[in-house]
Amino acid sequence: MILVLKENYDKKQLENLTSWLKEQNIDIHLSQGKQTTILGLIGDTSALDIDMLSTLDIVETAKRIQEPYKNANRKFHPDDTVISVGDVKIGGGNFGIIAGPCSVESEEQLCTIAEDVKASGAKMLRGGAFKPRTSPYAFQGLREKGIELLLRAKEKTGLPIVTEIMDLSHLPLFKDVDVIQVGARNMQNFELLKELGKTNKPILLKRGLSSTLQELLMSAEYIMAGGNSNVILCERGIRTFETATRNTLDLSAVPLLRQMTHLPIIVDPSHATGIAKLVKPMAVAATAAGSDGLIIEVHNDPPHALCDGAQSLTPEQFADLKKSVDNVLPFACRS
Ligand code: PEP
Ligand code: MN
């Protein structure tokens, strides 16, 4: 971090600042020009509050040279991280599709979809047991029972399961879940992230509705700082002024995140668009942009789905999507 001091800064205040910084284990490189004095802060500055430093009387501007996320930063970990879920690998050139219904509704519904998506080449099964719904009157998920059914579908198909956690108190219920999803609405639930950091489970961390990429990486950092480096990032669309789609898919997030972090990045074109017809073209585009995988909502009877039917593909549509994705995969841009 660099602090540019005001022209007639108070020497005593500078002494106070430097001794405080030394207490924080920061070394200081002072550069005294004719008009400008610059302090170069050397060491781990990630815990320093840049806003506080920039409001000090003697400071003109403060600028971070290094990003505030260390564990997730590609600079300190140049190789791609590969996340293993059973035999499935995501990242570092390993591409995988997670597919399944928005919500677990019944054993028959889930198992039928699971068999179908497996036959088309999905590597993992998704299904919401705890559902974050905008309306308290909408279907809230089968909760514990939903997780039981997911485990049964895993037993039948061998597909690892991915399901969303909404509250810290539910964590014991997730002990046999393969990948724990943190949904967009919980991306900044820091207490939840800290607890997930103490587990060794792969975490699928979805980008918040109005979050920047740096905020997404700071949330990943919460999990990683606790010792869990198994984080998969997910771009799932952000809120913009556009109302024609449910969200706006920020595809540039894929190559940008690839530069910023070594963590795998997957894309969710279902929640990004909210429209079944748009899911295939966006899935293909995300693959071409270098995504490490996709998460796709699939339902055996979309018009009667209890949640997100409008964006759900039928198993046949999913099979067709998979073929198109496979066609572009060899040409995907990964550098
Ligand atoms: C989901 O995947 O079912 C979900 C609710 O997604 P998001 O958190 O991205 O809205
Ligand atoms: Mn959904």
Side-chain angles (χ1 to χ4, degrees), residues 97-105 109-110 113 117 122 124-136 138-143 146-147 149-150 160-167 170 174 177-189 192-193 196 202-211 213 215-216 219-220 231-240 245-251 253-254 257 265-276 278-279 282-283 286 291 293-314 317-318:
I97 304 187
I98 304 165
C102 176
S103 308
V104 178
E105 298 172 11
Q109 171 245 18
L110 186 65
I113 298 170
V117 297
M124 292 191 241
L125 174 68
R126 65 149 289 148
F130 293 88
K131 291 305 305 172
R133 304 302 299 276
T134 305
S135 165
F139 176 60
Q140 302 288 306
L142 295 182
R143 303 171 70 85
I147 294 186
L149 296 183
L150 281 161
I161 54 172
V162 183
T163 193
E164 177 169 352
I165 189 164
M166 280 174 53
D167 193 88
H170 301 151
F174 286 69
V177 166
D178 298 288
V179 178
I180 303 181
Q181 175 173 320
V182 175
R185 290 152 193 85
N186 261 319
M187 189 203 86
Q188 288 190 317
N189 182 340
L192 179 61
L193 300 178
L196 294 175
I203 308 297
L204 175 59
L205 178 64
K206 296 187 104 182
R207 181 179 184 180
L209 276 71
S210 304
S211 298
L213 297 182
E215 285 164 344
L216 172 62
S219 291
V231 181
I232 302 169
L233 304 170
C234 180
E235 161 58 37
R236 46 77 71 205
I238 47 174
R239 275 269 163 96
T240 67
T245 47
R246 183 173 179 182
N247 292 288
T248 297
L249 179 57
D250 178 14
L251 264 192
V254 174
L257 284 169
I265 305 133
I266 70 164
V267 171
D268 175 347
S270 307
H271 291 89
T273 63
I275 301 170
L278 300 187
V279 172
M282 292 301 97
S291 172
L294 299 164
I295 179 165
I296 309 283
E297 286 190 343
V298 178
H299 199 282
N300 52 341
D301 184 10
H304 295 105
L306 295 182
C307 184
D308 287 351
Q311 68 195 34
S312 298
L313 302 187
T314 60
Q317 288 168 329
F318 174 71

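Counting starts at 1 for both ligands and their atoms, following the listed order. Since this is a predicted model, take the numbers as computed values, not measurements. Values below: all heavy atoms of this structure, side chains included; hydrogens, waters and symmetry mates excluded.
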Problem - Any N or O of D268 closer than 3.5 Å to N or O of ligand 1 - result: no

Completion exercise
Nearest non-hydrogen protein atom to atom 8 (O) of ligand 1, with distance, is A184 N, 2.7 Å

Handout entry: I165 vs V177 side-chain heavy atoms within contact, under 4.5 Å
Key = no

Problem - Contact check: C307 to the Mn ion (ligand 2), N/O/S below 2.8 Å - result: no

Handout entry: Distance filter under 4.0 Å to R236 heavy atoms, resulting ligand 1 atoms
Key = 7 (P), 9 (O), 10 (O)

Problem - Within-4.5 Å side-chain heavy-atom neighbours: L216 and L257 - result: yes

Fill in the blank from the handout: Numbered in order shown, the ligand 1 atoms found under 4.0 Å of a heavy atom of G183 are 8 (O)

Practice task
Check whether any side-chain heavy atom of E297 sits under 4.5 Å from a side-chain heavy atom of H271, and report yes or no.
Solution key: yes

Fill in the blank from the handout: atom 6 (O) of ligand 1: closest protein heavy atom, distance to 0.1 Å, is K206 NZ, 2.9 Å

Problem - side-chain contact (heavy atoms from CB on, under 4.5 Å) involving P160 - partner list, sequence neighbours excluded - result: V85, V88, M124, D178

Completion exercise
Looking only at protein heavy atoms, what sits closest to atom 4 (C) of ligand 1 is H271 NE2, 3.5 Å

Exercise for the section: Determine whether more than 12 heavy atoms belonging to other residues, nucleotides or ligands lie under 6.0 Å from atom CZ of R133. Expected result: yes

Handout entry: Contact with ligand 1 for R207, non-hydrogen, under 4.0 angstrom
Key = no

Problem - Any N/O pair E164/ligand 1 closer than 3.5 Å - result: no

